[in-house]
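Below, chain A is the first sequence line, B the second, and so on; all start at residue 1.
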Amino acid sequence: MSRRYEGYLTVDGVSKVFGARLSAGDRFVRFLRRAGPAPSLRAVSDVSLSLPKGQTLGLVGESGCGKSTLGRIIAGIYPPSSGTVTLDGEAVMEEGRKVTTDVQTVFQDPFASLDPRMKVGDAVAEGPVAHGVVSRAGAREHVSRWFARVGLDPSLAGRYPHQFSGGQRQRIAIARALAMNPKLLICDEPVASLDVSIQAQVLNLFLELRRELDLTCVFISHDLSVVRHVSDRVAVMYLGRIVELGETERLFRRPAHPYTAALLDSVPRIVADGEALVEMKPIEGEIPSPLDPPPGCHFAPRCPRAVAECSVRAPLLREPGPGRSASCHFAEAQLALPERAIV
Amino acid sequence: MSAVLEVRGLRTEFLTAAGILRAVDDISFSLSAGEIIGLVGESGSGKSVTGFSLLGLIDPPGRIAGGSVRLNGAELVGMTPGELRRRRGREIAMIFQDPIATLNPLLTVGQQMAMALAAHERVSTKAAADRCTEALARVGIPSPRARLSAYPHEFSGGMRQRVAIAIALLHRPAVIVADEPTTALDVSIQAQIVAEMRSLAREFGVAMIWISHDLAVVSGLASRILVMYAGRIVEEGPAARVLRDPRHPYTCGLLDSLPAATAPGVPLRQIPGAMPSLLALPPGCAFQPRCACATPDCAVAPEMTVERDRSWRCFHPAGVASERVAS
C-alpha cells in the first residue's frame, strides 16, 4: 500500500467495523431463514489524515459520527478493521496490540475514568512505574511534580477521587496522561462535563501545557467554539466519514461542505436581541442510522444543496481549494460563498 | 400584562447531616402570559431546585421554608398534595433534561400520553388517540398516528424530547418549566427544538421558564434573564441588556470565559476557584472569594439594587459609571 499522507501522526485508510455479536442460536436462526451475514456497523470508514508535530487536530461531529471511535483507534485502544496509524514513523499497534506508550488519552468523564478505590497519586504513578518511565522510588516525586504542573497541591495525592470536584478530577486525568511523557495526547471531550467557568480553567491549562511540552494533540469535541479555540486544523466527521478537513480559521470562515456550514448555523451564539434565531436554519431531519446509511452521499437526505446525483454517486474527499479537503460535489460553489461571521 | 406566575421570597432548604443547606434563598420574580425567561447558572447554583419548588416537587429531607408562589392568583406554597396534583400538568408543566428517564420504558408513547390526558379530563379512548396524534404532529414528529404504538426506546433522543414536550403541552398549561431540555442533544437537534419551542410558546401563549447553564441558548429565546449563584439571584434584567452590558462580576465572568469571547489560542479569561459548598458559604457576598472587584465591604451581603427594569446584587457593579455618562 502506498502511503498517501506523510506527517508526524499519519492515519492511513483506517476503517472500523463493529459486527453484531450473535449467539450460536441466533446464527442458526439466521442460517435457517437464509438471512445472510449479520448486520455490521461501519463506525469509521476509510479515514486518512496527517498532522505535523506540535499541532492540534480538532475532530468534530455530532453523536454517532465516529469521532470517539477514530480517537480510540489513534490511541491504540481499538484495533482498526483495516488501515494503519503511525506516530513518528512507528506503528501505534501491531497485530491488534498497542505497542507504544507515546499516545495517552484524557477521557470525557473524570468520574468514570478514575478508579474510585485508588488514591489519585497512585493512579498517576501506576502507568509510569509499570512502563519504567520512573523507578518505584522516584514515583512520589514524579507525581508531586505533575500535580504541581496541573495546578493541584501535591499534598492531595493521598486522597481519593470522590474528594475532588469535576474540574480537579480532570486535572488529575491530565496529569495521569502526561506523566507517561507522551508524544501524542488524545483528548476525548475533556471539558464537555464541566461548567463554563471551570471549562475555561481546564482549557487554559491545556493550552499552557501544550505550549510548554510541545505536544501534538487530537482534540475531540462536539463544541465547535471550543474546537476553534484550541485547534490548528479541524476534521469534520459525518456517519463515519471525514467530510471536510482544513485549517481551522479558514474552515470556520468559509466551509466547503454544506454539512459544516449547517453545523456552524446550528451553534447557539450570544445574541442580544433574539434575532439570530429567526434567521437560524436548523438542519432538517436527524442523522440516519449507521446500520443502514443512505446510498451515495450520507448527508444528501438532509442537505439543502442535494440533487438527484448526490444519492447515487458518493462524492470523494478532494481538494476544492488550497489546504482544504471536502467530500461534496458542490464544494467549489460552497467555498465561493461570502465569508461567514465567526461562531 | 398581568403576571401568571408570581414568586416572592422563595426559600427551599434541605436538612442534611452537616446542617441546613439552603439551595434556594430568597428568590423573587414574575412571569407574564406568553413570556419566556431564562434562568441561568452553573451546577449547584440552585436553578433546578427553583424549578422543582415551583411545582411543589420537593421531597423530604427538602422543604419549602418560606415565600410564596402564586399561579393565576392561587397560592401554591402550603397547598395540599391533592390540590397540587390537580394543577400540575394542567396549569403548570415541566420538561426535564433527560427524556429517557421521564418516559416509562414499558408503556407505548400513546399509552402514557393517554394517561397524562386522563389525569385531568374524562376522554374516550378514541378521542384520546386523536388528541395525542395531533399533539405529536404539532411538535414535528413524522407519521404521528403510527408512532403512538412505539415505545420510547424506538425514538431518537431528539424525538423523545419532542414527545416530552408534546405531553407537557397536552393540557395547554399557562406555565412550562423547562429544565435543561436540550443539554443532552446534539447542536443540530438543539437548534430544531429551540426553534420549535419558541413558535409553540408564541402560538399557545404559554409562559416558559427555561433553565440552562448555556447563556447562548437562553439569549436566543428569553426576553428576560435571571442569573443565579449559590442559591440567590445575582442579576436580573432584559436579556439584551444583561448580555450586552452585564452588571454583576459573576455575569461578566461567565460571558468572558466563553471561548467565543477570546481570540483562538489566547488564554481564556477564567473565573478563579470554584462555586463554594452551600453548607459552607463565605460570609457576605457568596461570590466574593472568586471576585476581582471584591473589597472589605463585601463581607456584608449586598441587597438587590434596582434600576429601572433591571437589578443586581453587588456593591461594585460593572458598567454603571459609563452608563451614567451616556445618559
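Within residues 200-211 of chain B, no residue has any heavy atom less than 4.5 Å from a heavy atom of chain A.
Contact between B/P259 and A/S225 at its shortest, heavy atoms only, is CB-O, 3.5 Å. Between B/P272 and A/Q201, the shortest heavy-atom distance links the atoms C-NE2, 3.5 Å. Closest heavy-atom contact between A/S266 and B/V187: CB-O, 3.7 Å.
Residue A/H222 holds its NE2 atom at 10.5 Å from CG of B/L185, rounded to the nearest 0.5 Å. Taking CD1 of A/I198 as the reference point, atom CE of B/M275 lies at 8.5 Å (rounded to 0.5 Å). Considering CG of B/L268 and NE2 of A/H229, their distance stands at 3.5 Å, rounded to 0.5 Å. Distance CD/B/Q270 to CG/A/L205: 9.0 Å, rounded to 0.5 Å.
Neither the backbone nor the side chain of B/S223 has a heavy atom closer than 4.5 Å to any heavy atom of chain A. Contacts between A/R211 and chain B at a heavy-atom distance below 4.5 Å are absent for every atom of the residue. For A/S165, no part sits under 4.5 Å from any heavy atom of chain B, backbone or side chain. Using a 4.5 Å cut-off between heavy atoms, B/A263 contacts chain A through its backbone alone, with no side-chain atom that close. In this structure, no portion of B/P238 lies under 4.5 Å from any heavy atom of chain A.
Ranked by non-hydrogen atom pairs under 4.5 Å with chain A, the options B/D186, B/L254, B/V266, B/V242 are led by B/D186.
Taking the side chain as every heavy atom from C-beta outward, B/S188 and A/I287 never approach each other to under 4.5 Å. Inter-residue side-chain proximity for A/P268 and B/Q190 is flagged as met; some heavy-atom pair is nearer than 4.5 Å.
Around the CZ atom of A/R250, the shell of radius 6.0 Å holds no more than 12 heavy atoms that belong to other residues, nucleotides or ligands.
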